[in-house]
Amino acid sequence: MFDTFYPDAYVASAYTIDFEKMYEEGVRGLIFDIDNTLVPHGAPADNRAVGLFARLREIGFDTCLISNNQEPRVKPFADGVGSRYVHDAHKPSTKNYKKAMELMGTDERTTVFIGDQLFTDVWGAKRTGIQSVLVRPIYPKEEVQIVLKRYLEKIVLHFYRRDREKEKRQDR
């Protein structure tokens, strides 16, 4: 029932992902959310984000940021990290996940999405047919509508963890 919203992986931070392994497995394009995925909500690109994107280019990835924010928020961040971008993305609509893949020249098999929200980021990626990595939000203070979504996410993540534990026990 909840598995519609399950990410392919759930990690502490976008900065802890084994990107080298992803590249070895054939991933060539990475789509990122910005706020609470790479930096606190509304923050500019910081040294950590700039360093991550430089490392990703060095590995061989193309990147694209997709955000529901408007261009005055997204473009300066994208310029700061040196990435393509799509603003006003209307996630979880699949349209702009597809546009991001077109911009990068990748497809569903060679693209991974990384974001902090289940009901926009992960669900949109799943609906598009691409793998998703859910990260813990960087900064806990958020707008009311997001706080309500986070409560519902906790319920889904409870079942996600339970189902993953069940799978691990069955694989033994």
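One is the number of the first residue; the rest follow in order along the sequence. No hydrogens, no waters, no symmetry mates; every other heavy atom, side chains included, goes into these values. This one's a predicted model, so the numbers in the text were calculated from it and none came from an experiment.
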Asks: Any side-chain heavy-atom pair from Arg162 and Lys166 closer than 4.5 angstrom?
Replies: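 Side chain of Arg162 against side chain of Lys166, heavy atoms only: contact under 4.5 Å found.
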Asks: Between atom OG of Ser67 and atom NZ of Lys91, what is the distance when rounded to the nearest 0.5 Å?
Replies: 5.5 Å
Asks: Nearest heavy-atom pair of Ala14 and Leu38: which atoms, and what distance?
Replies: CB-CD2, 4.2 Å
Asks: Answer yes or no: is there a donor N or O on one side and an acceptor on the other, between the side chain of Arg84 and the main chain of Ala100, under 3.5 Å?
Replies: no
Asks: Carefully, step by step, assess Asp35 and Arg73 under the rule side-chain contact (heavy atoms from CB on, under 4.5 Å).
Replies: CA-CA 10 Å; Asp35 289 321; Arg73 163 69 178 132; 2.5 Å; yes
Asks: Measure the acute angle between the ring planes of Tyr160 and Tyr10, then classify it against the limits of 30° and 60° as parallel, tilted or perpendicular.
Replies: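 Tyr160 vs Tyr10 ring planes: perpendicular.
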Asks: For Asn47, does the CG atom sit with more than 12 other heavy atoms under 6.0 Å from it, leaving out its own atoms?
Replies: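 No - once you tally the heavy atoms of other residues, nucleotides and ligands closer than 6.0 Å, there are 12 at most.
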Asks: If I compare all heavy atoms of Ala89 with all of Asn68, which pair ends up nearest, and what's the gap?
Replies: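 For Ala89 versus Asn68, the nearest heavy atoms are C-OD1, 3.6 Å.
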Asks: Is there a path of hydrophobic side-chain contacts, each under 4.5 Å between heavy atoms of I/L/V/M/F/W/Y residues, joining Val74 to Val86?
Replies: no
Asks: Could you report the tightest heavy-atom contact between Ala45 and Val50, atom names first, then the distance?
Replies: CB-CG2, 4.3 Å
Asks: Is it true that Thr94 and Thr128 share a donor-acceptor pair across their side chains at a distance under 3.5 Å?
Replies: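 Not at all, the side chains of Thr128 and Thr94 share no donor-acceptor pair under 3.5 Å.
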Asks: Are Phe32 and Phe113 close enough that their ring centers fall under 6.0 Å?
Replies: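 When the ring centroids of Phe32 and Phe113 are compared, they turn out to be at least 6.0 Å apart.
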Asks: Would you indicate whether the side-chain heavy atoms of Val11 and Leu134 approach each other to under 4.5 Å?
Replies: no
Asks: Is it the case that the side chain of Thr16 and the backbone of Ser13 share a donor-acceptor pair, with hydrogens and angles ignored and the cut-off at 3.5 Å?
Replies: yes
Asks: Determine, for Arg57 against Asp62, whether the closest basic-nitrogen to carboxylate-oxygen distance falls under 4.0 angstrom.
Replies: no
Asks: Determine, using the 4.5 Å side-chain heavy-atom cutoff (strictly less than), whether Met104 and Phe19 are members of one ILVMFWY cluster.
Replies: no
Asks: Is there a salt bridge (charged side-chain N to carboxylate O under 4.0 Å, His left out) between Glu25 and Arg109 once you walk through the steps?
Replies: CA-CA 10 Å; Glu25 293 172 349; Arg109 295 177 324 275; over 6 Å; no
Asks: Is any side-chain heavy atom of Ile31 closer than 4.5 Å to a side-chain heavy atom of Ile114?
Replies: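 Heavy-atom side-chain distance check fails, nothing below 4.5 Å.
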Asks: Let me check something: do Phe77 and Tyr85 share a hydrophobic cluster, defined by ILVMFWY side-chain heavy atoms less than 4.5 Å apart, either directly or through other members?
Replies: yes
Asks: Can you classify the ring geometry of Phe61 versus Tyr23 as parallel (below 30°), tilted (30 to 60°) or perpendicular (above 60°)?
Replies: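 Phe61 and Tyr23: perpendicular rings.
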Asks: Is Ser83 reaching over with its side chain to a backbone N or O of Thr63, donor-acceptor style, under 3.5 angstrom?
Replies: yes
Asks: Using a 3.5 Å distance criterion without hydrogens, assess whether the side chain of Tyr97 forms a donor-acceptor pair with backbone atoms of Asp121.
Replies: yes
Asks: Are Glu20 and Arg55 close enough that some pair of their side-chain heavy atoms sits under 4.5 Å apart?
Replies: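 Yes, close enough: below the 4.5 Å cut-off.
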Asks: Can you tell me how far the CH2 atom of Trp123 sits from the NZ atom of Lys126, to the nearest 0.5 Å?
Replies: 12.0 Å
Asks: How close do Leu103 and Cys64 get, counting heavy atoms only, and between which atoms?
Replies: CD1-SG, 4.1 Å
Asks: Would Leu56 end up clustered with Leu65 when hydrophobic side chains under 4.5 Å apart are linked, directly or stepwise?
Replies: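 Same hydrophobic cluster.
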Asks: Do Asp116 side-chain atoms and Arg136 backbone N/O form a donor-acceptor pair below 3.5 Å?
Replies: no
Asks: Report yes if the side chains of Pro44 and Val39 come closer than 4.5 Å at any heavy-atom pair, otherwise no.
Replies: no
Asks: Please check: side-chain N/O of Asn96 versus main-chain N/O of Lys99, any donor-acceptor pairing under 3.5 Å?
Replies: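 A pair under 3.5 Å: no.
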Asks: With a 4.5 Å cut-off on side-chain heavy atoms, are Met22 and Val133 touching?
Replies: yes
Asks: Look only at the side chain of Arg127 and the backbone of Pro92, and say whether a donor-acceptor pair between them is shorter than 3.5 Å.
Replies: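 Pair found, side chain donor or acceptor close to backbone of Pro92.
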Asks: Taking the side chain as every heavy atom from C-beta outward, state whether Thr37 and Gln117 have any pair of such atoms under 4.5 Å apart.
Replies: no
Asks: Scan side-chain atoms only and decide if Asn69 and Asp88 contain a donor-acceptor pair under the 3.5 Å cut-off.
Replies: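 On atom types as modelled, these side chains do not qualify, holding no pair under 3.5 Å.
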Asks: Do Val135 and Val81 belong together in a cluster built from hydrophobic side chains that touch within less than 4.5 Å?
Replies: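 Yes; tracing contacts between hydrophobic side chains, which count when under 4.5 Å, links both residues.
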Asks: Any chance you could measure Glu108, atom CD, to Ile130, atom CD1, to the nearest 0.5 Å?
Replies: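 If we round to the nearest 0.5 Å, Glu108:CD and Ile130:CD1 are 8.0 Å apart.
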Asks: With rounding to the nearest 0.5 Å, note down the distance linking CD1 in Ile59 to CZ in Arg28.
Replies: 10.5 Å
Asks: Just by distance, do the side chain of Arg48 and the backbone of Tyr15 share a donor-acceptor pair under 3.5 Å?
Replies: no
Asks: Could you measure the distance from the CG atom of Asn36 to the CD1 atom of Ile138? Nearest 0.5 Å is fine.
Replies: 6.0 Å
Asks: Distance from Leu30 atom CG to Ile17 atom CD1, nearest 0.5 Å?
Replies: 8.0 Å
